[in-house]
Amino acid sequence: MTSESDTQPVIEAKNLDLTFQTNDGPVHALKDVNLAIDKGEFVSFIGPSGCGKTTFLRCVAALETPTGGTLSVNGMTPDEARRNRAYGYVFQAAGLYPWRTIAKNIKLPLEIMGYSAQEQEERARNVLELVDLAGFGEKFPWQLSGGMQQRASIARALAFDADILLMDEPFGALDEIVRDHLNEQLLALWARTGKTIGFVTHSIPEAVYLSTKIVVMSPRPGRITDVIDSPLPKERPLDIRDTPEFIEVAHRVREGLRAGHGDDV
Amino acid sequence: MKQLVAVLTVLLAIVVIWYAACIPMNIKGVLTEQERAGAEVVPPSAKDRRDMGEIGLALRNSFAIPATWAQDRPRLPAPHQVAIELWETTVQKKITSKRSLVYHGWVTLSATILGFAIGTGLGILLAVGIVHSRVMDLSVMPWAIVSQTIPIIALAPMIIVVLYSIGIQGIIPKAVISAYLSFFPVVVGMVKGLRSPDAMQLDLLRTYNASNSQVFWKLRLPASMPYLFASLKIGIAASLVGAIVGELPTGAVAGLGARLLAGSYYGQTVQIWSALFAAAILAACLVGLLGLVERAVLKRMGMAQ
Ligand SMILES: Nc1ncnc2c1ncn2[C@@H]1O[C@H](COP(=O)(O)OP(=O)(O)OP(=O)(O)O)[C@@H](O)[C@H]1O
Ligand SMILES: [Mg+2]
């Protein structure tokens with residue numbers, strides 16, 4: 001591995017454009033998006049509803065095709081990266097299969113990717129422990145709370161060795177306490193695995209607490225208005241949220257959001 | 001308990017209405033018989049009675065009312081007559097007897113099951129094709145719908161004649177008609193079921209780079225199970241109707257359809273009604289059986305609690 005490939009961004013968007021053709025005319029979901037995400041970064045996307053956060057993540061995942069610009073993932077096109085199973089994707093809803101137990105849900109990607117039965121068993125056990133769900137493997141999804149289901153869906157995305165994790169508002173529907181807890185766990189997991197994480201959220205504290213980089217977006221057309229590199233240390237206890245540095249970053253994010261809003265009010 | 005009371009109340013109401021309906025339906029025949037036997041009937045002339053209302057006749061000859069529930073060949077047999085006939089032709093007859101309803105029921109049932117199996121298999125295959133191929137979606141679905149608008153009574157004799165001319169007879173033509181009726185609900189239900197996974201679940205499999213067959217086996221097929229069972233229940237009832245209809249135009253000698261036909265040739269209304277009831281009981285058993293299988297399967301899949 002050369003030093004050049006080490007410094008090459010894992011995800012790189014240049015002048016990315018995406019226009020949806022709808023019955024009510026074109027919707028400019030992404031306009032001129034430029035962004036580079038390095039290996040091991042934790043990047044949050046924040047912005048008002050409809051600013052294209054989900055759309056950007058879906059472009060990275062090759063679930064949506066950009067209409068302009070270039071996008072590379074691991075130095076490949078997004079679709080090649082998808083076929084190489086380069087990322088795990090956590091959707092806003094847990095989306096567990098009701099006819100599979102939690103453990104079987106986690107084995108779903110492993111079955112598809114052809115892991116051996118023994119390997120499946122081992123990995124399912126490991127990731128269940130990772131998300132604090134050890135002992136729930138044989139339960140069916142309806143027997144778990146919403147937060148537990150969401151953790152199971154994260155475990156599912158972690159079960160195979162993708163070094164990118166894309167998460168679209170994974171904790172959006174959860175209460176504050178559970179959310180704090182999951183945020184802590186997510187940070188610990190990130191530190192342990194060294195994955196590159198793209199994370200969509202509506203919550204400023206969540207974005208600041210988790211990220212090394214915060215991408216502030218604004219709608220109509222969806223674009224990036226600010227990219228903030230967080231000065232916070234990698235080690236983050238929950239009470240870091242009361243420090244002046246934290247409050248300052250949060251302030252800058254809020255300013256960025258307000259400026260984006262001001263455009264169309 | 002409350003449910004049982006409700007069910008019994010409805011049953012009782014039906015029986016009461018049925019007995020009541022027997023009176024006007026049968027009174028004229030009864031009065032004619034009674035007159036021949038020498039009883040005093042008002043009015044005495046059959047010609048006068050013909051133009052009178054049945055209810056008026058019954059009121060004026062109330063002595064004859066019990067006889068309306070005990071005729072040999074009533075227009076409308078009373079419930080107990082049908083029940084007795086059912087009992088005599090099932091429990092009290094040897095199964096091998098040509099008068100045993102169990103024998104005739106089995107003949108119809110075997111055609112029903114064969115037809116149901118063919119129809120279900122065909123329906124699932126067509127549904128899989130329709131879901132995976134746009135061409136099939138556009139070309140097969142309209143024909144499937146059209147096929148169900150043709151009255152089966154008109155089609156059944158043709159199917160039997162055509163198959164007979166190429167040397168096929170016996171259970172197969174009946175099964176074909178039965179399959180013809182039962183494949184449609186299966187197609188409709190399976191298409192809906194196979195398409196029931198939402199965009200997110202499909203996207204998830206896309207992120208795993210799953211093949212089409214993996215999407216089918218791991219997502220579409222399990223997701224379609226509740227839909228499949230709903231249509232199987234409709235399908236099996238349709239299969240039974242198909243098998244009975246298939247027995248009518250052949251002048252078949254065996255089967256519930258044959259019993260219906262023979263009963264109507266000879267004015268044996270009690271026989272017709274008992275064959276009807278046998279068919280209804282058979283259908284209820286089949287649907288109930290499928291319901292049990294459904295419960296067991298969905299429970300094993302974790303989809304029923
Ligand atoms: N498949 C689609 N077809 C047409 N328009 C779409 C489609 N997906 C998204 N859009 C439009 O693109 C814009 C951006 O949508 P996107 O879902 O990316 O927003 P978002 O930032 O994720 O919003 P939210 O915070 O509400 O999830 C919106 O105006 C939306 O209506
Ligand atoms: Mg979104």
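Heavy-atom basis, side chains included; hydrogens, waters and symmetry copies ignored.
Within the 4.5 angstrom heavy-atom criterion, only side-chain atoms of A:Phe140, from C-beta onward, approach chain B. Contacts between A:Asp79 and chain B at a heavy-atom distance below 4.5 Å involve the side chain alone, from C-beta outward. Proximity to chain B (any heavy atom under 4.5 Å) is shown, for A:Ala93, by both the backbone and the side chain.
For the pair B:Tyr180 and B:Ser147, the minimum side-chain heavy-atom distance is below 4.5 Å.
Of the possible polar contacts, none joining the A:Lys107 side chain to the A:Ala124 backbone as a donor-acceptor pair under 3.5 Å is found. A donor-acceptor pair is defined here as one N or O able to donate and one able to accept, closer than 3.5 Å; no such pair exists between the side chain of B:Ser178 and the backbone of B:Gly242. Between the side chain of A:Arg85 and the main chain of B:Tyr208, a donor-acceptor pair closer than 3.5 Å is present. Between the B:Lys174 side chain and the B:Thr108 main chain, no donor and acceptor come within less than 3.5 Å of each other. Within the 3.5 Å criterion, the main-chain N or O of A:Thr101 finds a donor-acceptor partner in the side chain of A:Asn105.
Using a 4.5 Å heavy-atom cut-off against chain A, the contacting residues of residues 212-228 of chain B are B:Gln214, B:Lys218, B:Leu219, B:Pro222, B:Ala223. At a heavy-atom separation below 4.5 angstrom, chain B is approached by A:Arg58, A:Ala62, A:Leu63 within residues 55-72 of chain A.
Between A:Gln185 and A:Leu130, the closest heavy-atom pair is NE2-O, 4.5 Å. The two atoms that bring A:Ile46 and A:Ala207 nearest to each other are CD1-CB, 4.2 Å, heavy atoms only. Across all non-hydrogen atoms, the minimal contact from A:Thr212 to A:Trp190 is CG2-CH2, 3.6 Å. Taking every heavy atom of both residues into account, B:Asp137 and B:Pro142 meet most closely at O-CD, 4.0 Å.
Counting non-hydrogen atoms of other residues, nucleotides and ligands closer than 6.0 Å to CD of A:Gln118 gives a total of 12 or fewer.
Ranked by heavy-atom pairs under 4.5 Å with chain B, the first of A:Arg156, A:Met113, A:Gln92, A:Arg100 is A:Arg156.
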